[in-house]
Asks: 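Questions regarding the structure given below will be posed in turn.
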Amino acid sequence: MTPGTLVKHRWQGSSCDSPKKLGIVVSHQAASVYLHEVVFILWHGSEEIEREFPHSLEVVKNEVR
């Protein structure tokens with residue numbers, strides 16, 4: 001995932017009442033010796049950037065037809 005990628009949480013079932021529906025990747029931090037790969041997301045309607053693991057996110061494809 002690169003900055004500018006539109007994402008959503010991968011597991012949004014009926015039990016997930018999270019307001020975090022869509023977000024945009026602000027920056028990416030590669031895995032290092034002590035840390036896992038993480039991305040920093042700005043969620044729609046939020047003013048704070050949050051850290052997320054890429055495996056819990058799904059890329060939203062912007063297709064215009």
Side-chain angles (χ1 to χ4, degrees):
M1 290 180 198
T2 59
T5 303
L6 188 62
V7 295
K8 65 180 181 179
H9 275 284
R10 185 174 297 278
W11 302 285
Q12 282 187 336
S14 57
S15 63
C16 181
D17 294 329
S18 174
K20 302 174 185 174
K21 301 292 183 198
L22 291 174
I24 191 162
V25 175
V26 176
S27 66
H28 174 267
Q29 179 178 332
S32 67
V33 176
Y34 299 106
L35 299 173
H36 293 280
E37 176 185 19
V38 294
V39 289
F40 295 87
I41 307 291
L42 180 60
W43 294 105
H44 176 71
S46 178
E47 296 180 6
E48 295 183 24
I49 294 172
E50 295 185 18
R51 199 173 332 173
E52 299 282 351
F53 293 111
H55 69 271
S56 67
L57 300 171
E58 181 178 335
V59 174
V60 176
K61 296 185 182 193
N62 295 330
E63 294 182 14
V64 178
R65 295 178 186 215

Asks: Report the hydrophobic cluster partners of L35, with the cluster defined as I, L, V, M, F, W, Y residues connected by side-chain heavy atoms closer than 4.5 angstrom, directly or transitively.
Replies: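 Members alongside L35: none; it stands by itself.
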Asks: Identify the residue among E52, E48, K21 that makes a side-chain contact (heavy atoms from CB on, under 4.5 Å) with W43.
Replies: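 Only one of E52, E48, K21 forms a side-chain contact (heavy atoms from CB on, under 4.5 Å) with W43, namely E52.
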Asks: Who pairs with E37 by side chain to side chain donor-acceptor pair (under 3.5 Å), at least two apart in sequence or on another chain?
Replies: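 Side chain to side chain donor-acceptor pair (under 3.5 Å) check on E37 returns H28.
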Asks: Answer whether the closest heavy-atom distance between the side chains of V39 and T5 falls below 4.5 Å.
Replies: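 No. Closest side-chain heavy atoms not under 4.5 Å.
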Asks: I need the minimum non-hydrogen distance between S27 and P3, along with the two atoms involved.
Replies: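 Smallest interatomic distance, heavy atoms only, reads CA-CG, 4.2 Å.
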Asks: For V38, check side chain to side chain contact (heavy atoms under 4.5 Å, CB included) against everything at least two apart and list the hits.
Replies: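 Counting only residues at least two positions away or on another chain, V38 forms a side chain to side chain contact (heavy atoms under 4.5 Å, CB included) with Q29, F40, R51, F53.
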Asks: Shortest non-hydrogen contact from L6 to G23?
Replies: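 Smallest heavy-atom distance, with atoms named: CD1-O, 3.3 Å.
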Asks: I24 and side-chain contact (heavy atoms from CB on, under 4.5 Å): which single residue from I41, V60, L42, I49 fits?
Replies: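 For I24, the side-chain contact (heavy atoms from CB on, under 4.5 Å) check succeeds only for L42.
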Asks: Please round to the nearest 0.5 Å and tell me the distance separating atom NZ of K8 and atom CG of L57.
Replies: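 Answer for the NZ-CG pair, K8 versus L57, is 11.5 Å.
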